[in-house]
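Accompanying notes for the structure given below.
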Amino acid sequence: MEIVYVYVKNRSEFGKQCNFSDRQAELSIDIPPNPELMEQFVIRDPVDTGIQCSYDMSEHEVNTERFEMETRGINHLEGGWPKDVNPQELEQTIRFRKKVEKDENYINAIMQLGYVMEHCIKQNNAIDIYGEYFDEEDEVEVSDEVLSAKTINVFRDPHEIKRTATHLSWHPDANRKLAVAYSCLDFQRADVNMSYDSFIWDLENPNKPELILKPSSPLVTLEYNPKDSHVLIGGCYNGQIACWDTRKGSLVAELSTIEFSHRDPVFGALWLQSKTGTECFSASTDGQVMWWDIRKMNEPTEVLIMDVSRKGVLENALGAISLEFEPTMPTKFMVGTEQGVVISCNRKAKTIAEKIVCTFSGHHGPIYALQRNPFYPKNFLTVGDWTARIWSEESRESCIMWTKYHMAYVTDGAWSPQRPAVFFTTKMDGTVDIWDFVFKQSDPALSLKVCDEALFSLKVQDNGCFLACGSRLGTVTLLEVSPGLCTLQRNEKNAASSIFERETRREKILEARHREMRLKEKGKTEVREEEGEGEVKINQEELLALTEKEFFDIINSETKRKGATLKKAGSKRDDEDGKSLNEEDEIEYNERQEEAEEPAKE
Amino acid sequence: MAEVEETLKRIQNHKGVIGTMVVNAEGIPIRTTLDNSTTVQYAGLLHQLTMKAKSTVRDIDPQNDLTFLRIRSKKHEVMVAPEVPLIPCNRKCSSPL
């Protein structure tokens with residue numbers, strides 16, 4: 001039933017403002033109760049109601065976030081004076097003090113405490129508990145210690161799309177921070193959504209990086225300035241060099257112009273020794289090494305092309321993958337190339353031809369790491385293909401010491417800053433090897449599997465105890481090695497230097513012998529015309545036939561072992577063999593065989 | 001009164017003692033041989049530390065009490081004799097302050 005009320009209004013009055021007026025209440029409708037409806041209802045008896053005599057409680061869940069605590073100190077100033085004494089007024093304070101001193105309790109207390117205090121002072125003066133006793137016997141025998149290393153912390157890349165940690169750099173002073181450069185080195189396989197950021201991690205906080213560096217292109221390499229710990233230099237994937245100041249924030253402070261930068265990713269960037277502390281140099285696989293001053297980054301101060309023929313032609317240049325600079329030898333530097341050649345250069349030379357001093361070849365693949373021994377800078381370590389090799393500057397033909405060929409590619413290596421005979425290498429199967437050639441030459445002293453994916457970079461902290469290694473998925477693992485590997489052993493310096501000298505001498509002798517053989521061969525070919533060449537020739541031919549026979553025997557046995565697939569390779573080798581059957585090469589081949597046997601015996 | 005002076009002087013003259021200070025229960029330095037700012041600093045900080053140490057000892061064992069507090073640092077040693085505690089000992093004891 002609808003309740004309606006009808007009223008009438010003139011049309012002319014529409015839209016007129018309402019003038020409300022009071023009027024009496026009118027009863028619009030009245031519905032009386034209908035008793036007949038009551039009969040449809042029944043009164044309920046008894047009625048059930050639930051009552052609970054207890055506190056009303058509700059349940060809530062709370063998850064607290066990890067809150068950050070900070071310790072702060074408060075500076076205590078004068079306080080505790082009673083209300084009537086003004087601490088600034090000297091008179092009042094003196095009066096108060098005198099009053100206290102007259103108190104009898106005070107006197108008793110002082111006597112008592114004085115007694116106690118004197119007792120302790122006399123104790124202190126009786127024996128110096130910090131005295132050094134047994135001074136002569138401070139040699140610690142650590143030779144029987146079990147070598148070990150343990151993981152302290154793991155820093156993971158917070159982004160979804162994982163990038164390789166390609167370079168690490170420790171903070172120069174505090175060693176509590178680590179700068180990591182992230183990029184994807186797989187050719188053209190970088191994800192479109194891959195972030196370009198690189199991070200600076202604080203070792204105490206592995207959950208969140210301390211500072212995010214935002215370049216315009218992923219960073220391949222990153223280095224702290226050893227003189228100014230706020231400045232970092234980074235080499236980008238697109239060839240530019242970028243400079244950061246951590247006080248200014250995450251954006252690039254200085255960036256080199258693209259026209260004058262490298263044309264390929266910058267694989268090495270190092271700071272130079274200079275008075276201003278603003279000079280650095282960079283190397284890239286486009287074959288150029290460029291020197292920069294970070295105050296003026298629009299073009300490099302100097303460019304050098306890694307052309308081994310010393311003509312400065314870019315087409316012949318070798319791509320540079322690693323750089324080495326030792327602050328104690330500021331004019332020299334070394335470049336490791338993609339072609340497996342180490343080029344030693346002198347910055348101060350006048351002409352381009354003189355700038356490239358010498359080359360060392362021996363690796364079969366790119367040289368990923370190059371470092372001089374911190375104790376004996378004439379010897380340096382190179383890491384590439386499946387081996388790590390140690391070279392001496394004096395012996396240019398070949399390296400003086402080398403590790404065996406591993407199953408996995410060796411990606412990075414570094415000397416220990418505390419021990420001249422210890423160096424670390426990382427491999428693509430995720431293991432870190434610690435080599436100590438005073439202890440063992442044929443195998444690493446300690447080999448640790450750090451992670452399942454490949455490890456790409458390694459950096460040792462200055463105290464030699466901690467090392468950080470970065471993997472393909474951007475995980476940086478911080479390892480601590482046992483003290484035996486980071487404290488200098490007795491006689492270790494002498495032992496290491498004698499090993500280096502001995503190996504260098506051996507190489508020199510071999511080199512000399514090679515040269516002799518070659519000269520002799522040249523001499524023989526000249527003399528052959530005159531003397532009874534028949535005998536010499538026959539000997540040579542016999543030698544030839546013997547070697548050929550041996551060679552084919554080996555090939556055949558290999559072929560039988562491995563089956564049809566190698567037959568093609570075997571036939572290829574036959575062709576090569578046909579080319580190389582020169583007398584000289586034959587003899588060299590024998591020499592090399594002997595050489596190969598020698599280190600195996602060692 | 002004279003004994004007090006004598007005691008304090010004797011303590012100060014021991015070998016290796018750099019300075020002496022007497023602080024009352026409110027932390028106000030009564031007597032000191034050091035300069036004012038150092039005194040105030042030591043008074044405030046040590047007072048709180050001694051209270052804390054005392055309550056710690058008491059918490060661990062209510063019958064126990066702090067008799068002496070020595071803080072050895074790289075450079076010096078700070079020695080604090082807090083208010084005389086009530087322990088049965090065969091030295092002469094006096095009522096606490």
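Just so we're clear, the structure is a prediction, and the values are computed from it rather than from any experiment. The sequence lines fix the lettering, A, B, ..., with proteins before strands; numbering per chain opens at 1.
Contact count against chain B (heavy-atom pairs under 4.5 Å) is highest for Gln123(A) among Lys102(A), Lys98(A), Gln123(A), Glu104(A). For the set Ile94(A), Val100(A), Asn124(A), the entry with the most heavy-atom pairs within less than 4.5 Å of chain B is Asn124(A).
The structure places CD1 of Ile110(A) at 8.0 Å from CD1 of Ile11(B), a figure rounded to the nearest 0.5 Å. One distance of note links CD of Glu101(A) with CD of Glu5(B); it measures 6.5 Å at 0.5 Å rounding. Rounding to the nearest 0.5 Å gives a distance of 9.0 Å between CD of Gln12(B) and CD1 of Ile121(A). From Tyr106(A), atom OH reaches atom CD1 of Ile30(B) across 6.5 Å, with rounding to the nearest 0.5 Å. Separation of atoms CZ (Arg10(B)) and CD (Glu118(A)) is listed at 4.0 Å; rounding is to 0.5 Å.
Both the backbone and the side chain of Val4(B) come within less than 4.5 Å of a heavy atom in chain A. For chain A, the nearby part of Glu77(B) is the side chain; its heavy atoms alone come within less than 4.5 Å. Of the two parts of Lys122(A), only the side chain, counted from C-beta on, holds a non-hydrogen atom closer than 4.5 Å to a non-hydrogen atom of chain B.
Contact between Ala81(B) and Met117(A) at its shortest, heavy atoms only, is N-CE, 4.0 Å.
Side-chain N or O atoms of Asn125(A) include one that pairs as donor or acceptor with a backbone N or O of Lys15(B) at under 3.5 Å. Between the side chain of Arg97(A) and the main chain of Pro29(B), a donor-acceptor pair closer than 3.5 Å is present.
The ring-ring contact (aromatic ring centres under 6.0 Å, His included) search around Phe424(A) returns none, not counting sequence neighbours. For Glu326(A), the side chain to side chain contact (heavy atoms under 4.5 Å, CB included) test picks out Glu324(A), Thr328(A), Arg372(A), with sequence neighbours left out.
Residue Phe375(A) qualifies as enclosed at atom CZ: its count of foreign heavy atoms under 6.0 Å is above 12. Environment of NZ in Lys227(A): crowded, with over 12 heavy atoms of neighbouring residues, nucleotides or ligands closer than 6.0 Å.
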